[in-house]
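Below is one structure, written out as structure tokens, with a few remarks after it.
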Amino acid sequence: MFKSIMENGADRESALNILENFINTKLHNYVSKRNYDLGPSKHDNVSQLSPYIRHRIVTEEEVMTQAMSKFPLPKIEKFIQEVFWRTYWKAWLELRPQVWTDYKLLMKKNDKNQLYEKVISLNTGIDCFDAWTEELLQTNYLHNHARMWYASIWIHTLKIPWYLGANLFLNNLLDGDPASNTLSWRWVAGIQTKGKAYLAKDWNIEKFTKNRFNPKESDFSTIPAEISFIDYKMNSIKFHETRDFAWDQSGLLITTEDMHVLSSDRINFPIQNAYIMALTATEKTNYSKNVSKFKHDISVSNMKLLSQHINDIQMQSMDLDQIEQIVTWAKQNNIKNIVTLACPCGHVRDFINVLKTELKKESIEIIKLYRDYDMKYWNLASGSFFNFFNKAVKKI
Ligand SMILES: Cc1cc2nc3c(=O)[nH]c(=O)nc-3n(C[C@H](O)[C@H](O)[C@H](O)COP(=O)(O)OP(=O)(O)OC[C@H]3O[C@@H](n4cnc5c(N)ncnc54)[C@H](O)[C@@H]3O)c2cc1C
């Protein structure tokens, strides 16, 4: 039995310790070693910060600033680039939210077949693949290279629908993220960038797992699976400042999409009322026990952290109806505006959209605030990643 990376801690202090340790001892070797997947509990070549960055327990900006306070940018450009991939994927999906809507529709098809069952019972006969399924389910993490190989075998060798694999990841990774996950699976499948699918190779797996696995050439397809490409049109949203509003009649809604609200430039602490939401009903139904527990635990530790800056914080009770709880909280505290940090495309945003309609009936408004960071970078994601990165890096 491997340990879940939940054991690394579910609070900001643990995240900051991991970040500091990574910068001081590993970052200088990141470029040369980051592609090696040495197996469960041996992922020291990479930061394993993703569960924290994904929920903004530490922010992308903080991670980059701290790394660059120790190393000049050219020396750690690869690491900075990786952190920007998250920002780019978020913005890309934000500009084409139909991709998320269509993914949810595909999931409704419920077309899990016997082959899918073989995957879940670690019985495909492809050793490396079964080992990664086991690692995913037990540790709630996979190395980036393993995620690429895994998705490739899933889609192009086993020919199981890509969205079922994406969903298995989303529900079991502590860093499970609607944008990074959905769009990475689409990229491997060859439907994110037209004509470019990712085909895993036996020699590449052998080399970058340091011979932990010796897969057969025949385990790998040399031809991408045929999946129809949809050219999603970009919407014309611009991410910009929200109008002014009165804080004295407002309450802050904190979600697991953006937890370190103290670092937001738009909120002047101390404030009177806040409500912390750990899990929406959809997430609670779908996410594995560990992922749900992680979201709950990071919410509890966040509540402790924030208690000095917010007079009255309420946390969601897991068993009661979410909408009802938030409406009651707002009414009891005479809240007219519920302010929340802008939440990217995904289950939480879907929930907020439903909540918005319900609150309207009570004449309560939801106001979303974009962080300066998001306004600075999300507007740059209309083209390819490298186009985005070249512009983004000049703005750091
Ligand atoms: C099929 C597939 C599915 C994926 N699903 C997810 C997901 O659900 N959630 C998720 O956070 N990442 C996902 N990734 C991206 C990436 O694999 C993880 O972010 C990374 O492995 C996290 O480990 P780390 O923190 O040790 O990364 P490091 O190498 O230490 O990188 C530092 C940080 O940069 C960011 N980052 C690095 N690589 C990527 C990337 N390719 N895309 C986006 N951000 C990146 C992360 O915030 C990460 O914490 C997926 C990649 C693939 C190929």
Side-chain angles (χ1 to χ4, degrees), residues 5 8 15 18-19 21-23 25-27 29-38 40-64 66-67 76-93 100 103 129 132 135-136 139-156 162-192 197-200 256-257 287-288 291 294 344-347 377 381 385 388-389:
I5 60 158
N8 293 348
I18 294 170
L19 174 61
N21 182 44
F22 173 74
I23 291 174
T25 64
K26 303 285 185 316
L27 181 53
N29 277 330
Y30 183 76
V31 179
S32 57
K33 295 194 170 171
R34 71 180 194 99
N35 274 327
Y36 287 91
D37 171 11
L38 305 180
S41 320
K42 292 183 186 152
H43 294 305
D44 294 339
N45 294 330
V46 286
S47 70
Q48 292 188 79
L49 280 165
S50 51
Y52 307 106
I53 309 178
R54 184 262 174 268
H55 297 101
R56 283 202 169 152
I57 296 169
V58 289
T59 65
E60 295 104 300
E61 193 168 27
E62 244 181 323
V63 170
M64 292 196 268
Q66 290 207 26
I76 54 164
E77 189 167 305
K78 192 71 208 166
F79 180 71
I80 300 295
Q81 205 176 81
E82 294 306 310
V83 177
F84 266 133
W85 265 108
R86 173 181 304 284
T87 311
Y88 172 73
W89 282 142
K90 265 196 212 183
W92 194 98
L93 190 59
W100 172 248
Y103 161 76
F129 187 85
W132 289 317
E135 182 177 353
L136 168 69
T139 72
N140 310 104
Y141 178 84
L142 281 183
H143 185 280
N144 180 58
H145 224 161
R147 296 183 199 206
M148 290 162 62
W149 296 320
Y150 189 91
S152 179
I153 297 172
W154 181 291
I155 298 165
H156 305 300
W162 70 270
Y163 45 88
L164 294 178
N167 206 49
L168 184 72
F169 269 26
L170 186 62
N171 295 342
N172 286 283
L173 288 168
L174 284 200
D175 64 32
D177 178 80
S180 293
N181 188 54
T182 315
L183 304 181
S184 297
W185 274 84
R186 282 171 43 86
W187 173 76
V188 173
I191 52 172
Q192 180 68 15
Y198 175 75
L199 293 170
T256 52
E257 291 297 318
Y287 289 166
S288 70
V291 172
F294 184 72
C345 223
H347 289 314
Y377 296 115
F385 173 75
F388 163 85
F389 181 69

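We count ligands from 1, going down the list as the structure has it; atoms in each ligand are counted the same way. Here the structure is a predicted model, which means the values were calculated and not measured.
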Is it the case that ligand 1 has an N or O less than 3.5 angstrom from some N or O of [X]?
{"X": "Arg54", "value": "no"}
{"X": "His143", "value": "no"}
{"X": "Trp85", "value": "no"}
{"X": "Ser50", "value": "yes"}
{"X": "Phe79", "value": "no"}

Show which atoms of ligand 1 fall inside a sub-4.0 Å distance from at least one heavy-atom site of [X].
{"X": "Gly176", "value": "8 (O)"}
{"X": "Tyr141", "value": "23 (O), 24 (P), 26 (O)"}
{"X": "Leu173", "value": "8 (O)"}

For [atom], grab the closest protein heavy atom and report residue, atom and distance to one decimal in Å.
{"atom": "atom 52 (C) of ligand 1", "value": "Ser184 CB, 3.4 Å"}
{"atom": "atom 39 (C) of ligand 1", "value": "Glu82 OE1, 3.8 Å"}
{"atom": "atom 26 (O) of ligand 1", "value": "Gln48 N, 2.7 Å"}
{"atom": "atom 41 (N) of ligand 1", "value": "Asn144 OD1, 3.9 Å"}
{"atom": "atom 5 (N) of ligand 1", "value": "Asn181 OD1, 3.2 Å"}
{"atom": "atom 13 (C) of ligand 1", "value": "Arg147 NH1, 3.2 Å"}
{"atom": "atom 27 (O) of ligand 1", "value": "Ser47 OG, 4.1 Å"}
{"atom": "atom 44 (N) of ligand 1", "value": "Arg86 N, 3.5 Å"}

Any side-chain heavy atom of Tyr377 sitting closer than 4.5 Å to one from Phe388?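 Counting from C-beta outward, Tyr377 and Phe388 do come under 4.5 Å.
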Can you tell if the side chain of Ile53 reaches within under 4.5 Å of the side chain of Thr59, non-hydrogen atoms only?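 Answer no - side chains too far apart.
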Is the NZ or CZ atom of Arg186 positioned over Tyr163's six-membered ring, under 6.0 angstrom from the centre and within 45° of the axis?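 Because its charged atom misses either the 6.0 Å distance or the 45° angle limit, Arg186 does not stack over Tyr163.
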With a cutoff of 4.0 Å, is [X] in contact with ligand 1, counting heavy atoms of the residue only?
{"X": "Met148", "value": "yes"}
{"X": "Trp187", "value": "no"}
{"X": "Val188", "value": "no"}
{"X": "Tyr30", "value": "yes"}

Which of these, Asp175, Asp37, Leu49, has its nearest heavy atom closest to atom 10 (C) of ligand 1?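 Comparing heavy atoms across Asp175, Asp37, Leu49, the nearest one to atom 10 (C) of ligand 1 lies in Asp175.
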Any ion pair linking Glu82 and Arg86 (charged N to carboxylate O, less than 4.0 Å)?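 Answer for the salt bridge query: no.
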Lys/Arg N to Asp/Glu carboxylate O, Asp175 vs Arg147, below 4.0 Å: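 So Asp175 pairs with Arg147 through a salt bridge.
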Option passing ring pair (Phe, Tyr, Trp, His ring centres under 6.0 Å) with Trp149 (candidates Trp132, Phe129, Tyr198, Trp154):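 In the set Trp132, Phe129, Tyr198, Trp154, the residue that makes a ring pair (Phe, Tyr, Trp, His ring centres under 6.0 Å) with Trp149 is Trp132.
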So which of Phe84, Phe22, Trp85 actually passes ring pair (Phe, Tyr, Trp, His ring centres under 6.0 Å) with Phe79?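 Output: one option passes, namely Phe22.
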